[in-house]
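What follows is a single structure, written as structure tokens, with notes after it.
Note that these values count all heavy atoms, side chains included, but never hydrogens, waters or copies made by symmetry.
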Amino acid sequence: AVANAFIASLPGPHPMTSGTWDDSKAPGLAAQVKDWCDGDGWTLVLAGDVAGGKTHLARAAAHYLIGLGRTVAYRSCLKLTRVFSTAAGFGDDSYDARQECAALLVPDVVVLDDLGAQRETDKETFAEGLQLFLDDRMRRNRLIVTTNISAARLCERPDIGPRIVSRIMEAATIIPMRGKDQRRAP
């Protein structure tokens, strides 16, 4: 229950197949995500266009998993940049970033939203922090990642690179999300 406090800031609930997720705009996506939630896959990657519904569907999955009794933490990669920088001794020290890093190892599932949205200027700290995070969670807990950047481009980025992409993509269920900007769709 404590770990689910991480997700308390999310608007919700977001049912997987009804309510605010309109499956008619992208038929079958909610069912694919629900199948992953009900299964035992380690990583789910929602990849595609900007405003294609990736974050919304990741939040729906988080709420669904909580309903199944799982604990879930949600973090944007922009926020993780701050967490990792502070934990490494850089930036704002107004909160205990090390405690927050440790707390991300506890939940059954962690949602990393918008991989690639963080600034590339924080490359060493972000790459090292994400690498350590992934290494600690490997094969113990599940991961949901959203991104609008292709795996090839993520590999080229100095703040992510091929090692991190390989760890995320290993045995991942990848759901491409293409289509219209959902924020502008009527």
A side-chain contact here means heavy atoms from C-beta on lying under 4.5 Å apart; do Leu29 and Met177 qualify?
yes

Could you tell me whether the side chains of Ser76 and Asp114 share a donor-acceptor contact shorter than 3.5 Å?
no

Non-hydrogen atoms of Thr71 and Pro107 that approach each other most closely:
OG1-CA, 3.2 Å

Nearest-0.5 Å distance that lies between atom CD in Glu170 and atom OG1 in Thr43
8.0 Å

Find the distance between SG (Cys37) and NE2 (His63) and round it off to the nearest 0.5 Å.
12.0 Å

With sequence neighbours excluded, tell me which residues meet side chain to side chain contact (heavy atoms under 4.5 Å, CB included) with Ile149.
Thr147, Arg153, Leu154, Arg157

Quick one: closest heavy-atom pair of Leu134 and Trp42, and the distance?
CD2-CH2, 4.5 Å

What heavy-atom pair brings Ala30 and Leu57 nearest, and what distance separates the two atoms?
CA-CD1, 4.2 Å

Is there a side-chain contact between Asp40 and Arg142 in this structure, where contact means two heavy atoms from C-beta onward sitting under 4.5 Å apart?
no

Return the set of residues passing side chain to side chain contact (heavy atoms under 4.5 Å, CB included) with Asp38 (not counting sequence neighbours), or none when no residue passes.
Lys34, Tyr64, Leu68

Looking at residues at least two apart in the chain, or sitting in another chain, which of them share a side chain to side chain contact (heavy atoms under 4.5 Å, CB included) with Ala58?
Leu46, Val111, Ile144, Thr146

Spatial distance of atom CG (Leu115) from atom CD1 (Ile164) [nearest 0.5 Å]:
8.0 Å

Can you tell me how far the CZ atom of Arg167 sits from the CG atom of Leu130, to the nearest 0.5 Å?
10.0 Å

Minimum heavy-atom distance Leu112-Cys77, with the two atoms named:
CB-SG, 4.3 Å

Please step through side chain to side chain contact (heavy atoms under 4.5 Å, CB included) for the pair Val110 and Arg75, ending with a clear verdict.
CA-CA 8 Å; Val110 171; Arg75 285 293 177 265; 5.6 Å; no

Between Tyr74 and Arg59 the two heavy atoms that sit nearest each other are OH-NH2, 3.5 Å

Could you measure the distance from the SG atom of Cys155 to the CE atom of Met169? Nearest 0.5 Å is fine.
8.0 Å

Sequence neighbours excluded, the answer for side chain to side chain contact (heavy atoms under 4.5 Å, CB included) partners of Thr173 is Trp36, Leu44, Ile175

Gln131: which residues meet the side-chain hydrogen bond (donor to acceptor under 3.5 Å, both in side chains) condition with it, sequence neighbours left out?
Asp135

Could you tell me if the side chain of Leu143 sits less than 4.5 Å from the side chain of Asn141, heavy atoms only?
no

